[in-house]
Every structure is written in structure tokens, then in C-alpha cells.
Engineer: 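To start, I am sharing the structure in question, which I have written as C-alpha cells.
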Amino acid sequence: MLELKFIRKNPEVVRAALEKRGVDFDLEALLDLDDEWRQKLFTVEQLKSRRNAVSEEIARLKKTGGPAKALITEMREVSQQIKEMDAEIRQVEERLQGFLLQLPNIPHPLVPFGRDEADNQEIRSWGVLPAFSFAPRPHWELGEALNIIDFGRGSKVSGARFSFYRGAGARLERALINFMLDLHVDRHGYTELFPPFLVNGRSMTGTGQLPKFAADMYKVEGEDYYLIPTAEVPVTNFLRDEIVEADSLPQKYVAYSACFRAEAGAAGRDTRGLIRQHQFNKVELVKFCRPEESDDELEMLVRDAEEVLKLLGLPYRVVLLCTGDLGFAAAKTYDLEVWMPYQGVYREISSCSNFTDFQARRANIRYRPAPKAKAVFVHTLNGSGLAVGRTLAAILENYQQPDGTVVVPEVLRPYMGGLARIEPE
RNA sequence: GGAGAGAUGGCCGAGUAGGUCGAAGGCGCUCGCCUGCUAAGCGAGUAGAUGGGUAAUAGCCUGUCUCGAGGGUUCGAAUCCCUCUCUCUCCGCCA
């Protein structure tokens, strides 16, 4: 959410941001509404001021036995007016709030202009693409042949885009989660959280999923519970409505969670394999920091996520999203894309964003720069570190052998009971 | 799920026969004084949000709202009524 005052004073900045994003938004309507709101507010506050003054006067008169009758009658009238105006103002505020919640964040100045993902900028790449003496197979074939992933039973038990991991597959998934958590906790200094997987509507609004993206999420029927699409939601809302200690910043958290996505509108894309599932596992990194730190913190966040891929020996590249591809709440985003040999493309495996104060304003997370100073909004950042299902898929494809077995990356073996190679059972 | 108790400022905690209560007191914090240092002591200050005015960021003046949330009664509500949420205790159930 942007600050109303900021929009009021810098409408051209907001307009330019919307244009860069290619977003259609009726800024004029918002500004008109703001005008209307302030006018009404001023009028009703004058009435209230009078009522407060006269009420005191009445109290005084009653004490001294003076005549208060006429005043009371008059105030009855005024109170009625106030009630009506308050109702009007509430309506205007609701509409105003509706507008504000739909307004995306302003892109960081360094974000390249572009229409869609084709205009994203490659920043750097790492690793040597594996050379195969045979045609590399897709991870879903490998997974089924090795009997470590079961898509058929997943759709029987739940539906399309659900799956079971089995045997070494289940263990590999778990190994990846533990490996990532350990890395970020022990080496990168994050504090581990294990969050709730169901959150309330207020939390979803805090991070920006609601009200705009309700269709992408699962909701528990009849209750104010949503299945989280990412641990970003519970972890960012961890500090909601709080004023945190200045010297506690930056605060860095890492959390494993299952993630649930309805993926409305994605039908037909990536129908096979682990790439796009309704439920998947992810290890998420979340940071809260001072505004002046967030640029650097984003760079460090990306490095922390990259480290996972390096240690796993998976080739990847880092891409800076252009204005048109940038997410609703993000000011700047780097995607990490891992090499997928079967399709011969890089696929997103992590998305690392600086949300500046956009989420913090919605979620009301602040800190005091100095002991007596006014509390200001922190900056929030997050990034996958990494999406586990996609990582497992990448391992299967990159580490596959001519005989269909898959070599387990060195760093995961301690987590796999020493297993060095996955063979069919 | 059942029964009961509670929700007040950064924290603790007064305040219910409705009217100078945005709120006593304490702690904490800030500034100053005092003091070889530290501690103690003394004095002053110390909620947030928001509209308007003024001021080239600070600040200052002024209005409004906020005592869990929402609604109601009333000229006037922290105080009365209704609904909801959360917390605690006991019971039940359960991993």
C-alpha cells in the first residue's frame, strides 16, 4: 500500500509507476475521492467540536442549576447530523481503502523498463551446463521409473496437480528441506520459524495477497482461514502491528512450509511433473530492515539463496525482473532460474524481492529510528531459499545417469543416510 | 465444545450511582541537576492515528478519533445495553 499523503503530493510519480508496470488504474478517481473525504471530514469535525464544547457547557449548567433545555434540544439535532455524516464518511473511506489496496508498489529506480518476462535482464549465471551422452529424460519420467514420485495416486487421492513422494523421493524432499534450513540457520544467520499454514484474512491483506488475488488461494469454507501460498505470509505477519526495537534490525527469518496455490488461470501450463503443483514445499527467507538497508539486504538475500544452488551443484542464472513482470507488492525482484536439461530451459526456482515499506504499511510494522522519534515503517524482503519440489526436479534431471539412476549431490548424502545414488526399487 | 474471569498508554495498574478522564499511581525511558566513577537521589518531560493552518525536511498551533473490535442508548460513555474477537482458569475432547 502506498501512503495516501504521498499519492496526494506526488500523483505524477504514481502515474509514471503505473505506466511502467503497464497497469490500468483510475488514479483520478482515487484523488477525487480523497478530496471528497477530506472535505466531509472537515465539516463533521467542526460539528463535533461544537458538540464537545456545548456538552461541557451543559455539564456546567446542570451543576449550577442553569437552563440547559434549549442547548440539549439543539445538540440533539447536531448529533443526528453527525451520525449521518459519519456514515457517509465511512462509505467514502471504504471506497478509498479499496482503491489503495489495489494500487501496486512503485518500482525501484534501478528496475529496467519492460513489458513482460522477455524484457527481464540476466544479471549473472553460474555453473556448467551438464553434457549428456544420451537424451536427458524429464524428471517426471525419472521419478516414476525410480518409483520415488507417484503422480497417479496423487491425483486419485486428491486431484490433478497433487503427488506423492515415495521412498528415497520422500527422503530426498525431506533432506532438501533440512539441508536448506541448516544452511540458512547455521551459515547465514537466519532464525528458524515454523509457522502456521492457515492464516486469517488480515494477514493475507498484510502481505498483499488480498484483496486482489483471492482467486489464487484456497480458503477454508465458512471460516476466516486461508491456506498459505507461501511462508512469506505468516512470517511477515509475525511482526504485524508491532513497533520493533531499532537495534533488533535487520531481523532475518527462515521458515519451511507447505504452500498451497489454486493457480487459477494456469491451466494447461506445466501440466506434467513437479513444476506447478497445488501443494508444494518451500523454504522461505524473510527480512525486516531499516529503509536505508533494504537495497543491500536484497543483494545479500539473493546470495544466500544462490548458495543453495551452488552447494547442490545446479547451474542457474540470476534475472532482474522488468517493470512489467514485477509482482504487485514488490519494488524490485531477482528471480533465480535453475537449469532444466530435458526442456533445455532455465526455470524459476526462487524469487527474491524488496517490498520496501509496501507490506509494512499494510501490516503496520514499524520501528523507532531514535528513542524519542516517530515510528516509521520498516522495509520487508523475502525470497525462496528454495522451492523444494522444483529443486528436487532439477536434481533428478541434472544428476541423471545413462542407466536411469540419479546421483545424490554430495551435500545431501548426510541427510540421506549416506545414500549416494538413487536406484529403482 | 461447556462453565467462569478478563481485555485501559512501552510495561504494570487505578478508575463502573455516565459529565474538566486521553485517563491516578508505579516501572521503564528521555533531558537536566547533583555526584571521584557507578549506584542512589532531586526536578521536568514521556500514547497513537488523522484533518486543517503555519513553517523551504524539524517544529509549532488547532480540530477530531482511539480505554480489545463493531453497533446502540444519551446533549454527553473507559464507565450503561447488544454482538463479536482474543486471553486466562476449570471441565470435556484430542495428536
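Sequence lines set the chain letters: A, B, ... in the order given, protein chains first and strands last, and positions in each chain run from 1.
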Engineer: For a quick test of reading the model, state the closest non-hydrogen atom pair linking A:Leu419 to A:Ala168 and the distance between them.
Structural biologist: CD2-CB, 4.4 Å

Engineer: Given atom CD of A:Glu93 and atom P of B:rA49, what is their separation to the nearest angstrom?
Structural biologist: 17 Å

Engineer: Would you indicate what A:Lys69 reaches in the nucleic acid, counting non-hydrogen atoms under 4.0 angstrom: base, sugar-phosphate, or nothing?
Structural biologist: nothing

Engineer: B:rC65 and B:rG72: how far apart are their P atoms, nearest whole angstrom?
Structural biologist: 15 Å

Engineer: When the distance from CG of A:Leu41 to C1' of B:rU62 is rounded to whole Å, what number comes out?
Structural biologist: 14 Å

Engineer: Say you pick atom P in B:rG43 and the same atom in B:rG25; how far apart are they, in whole Å?
Structural biologist: 13 Å

Engineer: Send over the distance from A:Asp241 CG to B:rU66 P, rounded to a whole Å.
Structural biologist: 19 Å

Engineer: For B:rG59 versus B:rA40, give the span between their P atoms, rounded off to a whole number of Å.
Structural biologist: 31 Å

Engineer: A:Tyr256 and A:Asn281: side chain to side chain donor-acceptor pair (under 3.5 Å), yes or no, with the steps?
Structural biologist: CA-CA 7 Å; A:Tyr256 154 78; A:Asn281 294 308; 2.6 Å; yes

Engineer: Rounded to whole angstrom, note down the C1' distance from B:rA77 over to B:rG70.
Structural biologist: 15 Å

Engineer: Taking atom types as modelled, find out whether A:Tyr415 and A:Asp182 have a side-chain donor-acceptor pair closer than 3.5 angstrom.
Structural biologist: yes

Engineer: Would you say A:Ile149 and A:Arg166 make side-chain contact, with heavy atoms under 4.5 Å?
Structural biologist: no

Engineer: Does the distance from a Lys or Arg side-chain N to an Asp or Glu carboxylate O, for A:Lys332 and A:Glu299, drop under 4.0 Å?
Structural biologist: yes

Engineer: Provide, to the nearest angstrom, the distance between the CD atom belonging to A:Glu223 and the C1' atom belonging to B:rC84.
Structural biologist: 15 Å

Engineer: Taking only N and O in the side chain of A:Arg8, is any of them less than 4.0 Å away from OP1 or OP2 of B:rU50?
Structural biologist: no

Engineer: Each nucleotide N or O in nucleotides 70-77 of chain B that has a protein N or O under 3.5 Å away: list the pair and distance.
Structural biologist:
| residue | atom | partner | partner atom | Å |
| --- | --- | --- | --- | --- |
| B:rG71 | OP1 | A:Arg90 | NH1 | 3.4 |
| B:rU73 | OP2 | A:Lys83 | NZ | 3.1 |
| B:rC75 | OP1 | A:Arg76 | NE | 3.0 |
| B:rC75 | OP1 | A:Arg76 | NH2 | 2.6 |
| B:rC75 | O3' | A:Ser79 | OG | 3.2 |
| B:rG76 | OP1 | A:Ser79 | OG | 2.8 |
| B:rG76 | O4' | A:Ser55 | OG | 3.3 |

Engineer: For nucleotides B:rG4 and B:rA23, find the distance between their C1' atoms and express it as a whole number of Å.
Structural biologist: 29 Å

Engineer: Roughly how many Å apart are B:rC67 and B:rA49, using the C1' atom of each and rounding to a whole number?
Structural biologist: 15 Å

Engineer: Is it true that A:Asp224 and A:Lys219 have a side-chain N and a carboxylate O under 4.0 angstrom from each other?
Structural biologist: no

Engineer: Strictly below 4.0 Å: does A:Arg38 bring a side-chain N or O up to OP1 or OP2 of B:rG52?
Structural biologist: yes

Engineer: Any chance you could lay out the side chain to side chain donor-acceptor pair (under 3.5 Å) test for A:Asn52 and A:Ser55, step after step, and finish with the verdict?
Structural biologist: CA-CA 5 Å; A:Asn52 289 343; A:Ser55 285; 5.7 Å; no

Engineer: What is the distance from CD of A:Gln46 to P of B:rG53, rounded to the nearest Å?
Structural biologist: 12 Å

Engineer: Ignoring backbone atoms, test whether A:Asn52 places a side-chain nitrogen or oxygen under 4.0 Å from the OP1 or OP2 oxygen of B:rC65.
Structural biologist: yes

Engineer: Whole-Å distance between B:rU20 C1' and A:Arg60 CZ?
Structural biologist: 8 Å

Engineer: Assess the residue pair A:Tyr218 and A:Tyr226 against the criterion (ring pair (Phe, Tyr, Trp, His ring centres under 6.0 Å)); give the C-alpha distance rounded to whole Å, side-chain angles, the decisive distance to 0.1 Å, and a yes or no.
Structural biologist: CA-CA 6 Å; A:Tyr218 291 108; A:Tyr226 295 82; over 10 Å; no

Engineer: Looking at B:rG63, B:rG48, B:rU50, which one has an atom nearest to any side-chain atom of A:Arg366?
Structural biologist: B:rG48

Engineer: Work out how far the P atom of B:rG13 is from that of B:rG68, and round it to whole angstrom.
Structural biologist: 14 Å

Engineer: Is there a side-chain contact between A:Pro107 and A:Arg21, using heavy atoms and a 4.5 Å cut-off?
Structural biologist: yes

Engineer: Measure the distance from CD on A:Glu242 to P on B:rG9 and round it to the nearest whole Å.
Structural biologist: 15 Å

Engineer: Quickly work out the A:Arg202 CZ to B:rA69 P distance and round it to whole Å.
Structural biologist: 13 Å

Engineer: Determine the interatomic distance between P on B:rC31 and the same-named atom on B:rA14; round to the nearest Å.
Structural biologist: 31 Å

Engineer: Between A:Glu337 and A:Tyr316, do the side chains contain a donor N or O and an acceptor N or O under 3.5 Å apart?
Structural biologist: no

Engineer: Is there a side-chain contact between A:Phe358 and A:Leu2 (heavy atoms, below 4.5 Å)?
Structural biologist: yes

Engineer: Can you run through RNA chain B from 5' to 3' and write each base as (, ), [, ], | or . depending on how it pairs? Watson-Crick or G-U wobble, both distances under 3.5 Å.
Structural biologist: ((((((((.[[[..)...(.....]]]((((((.......))))))((((((((....)))))))).[[[[[..)....]]]]])))))))....

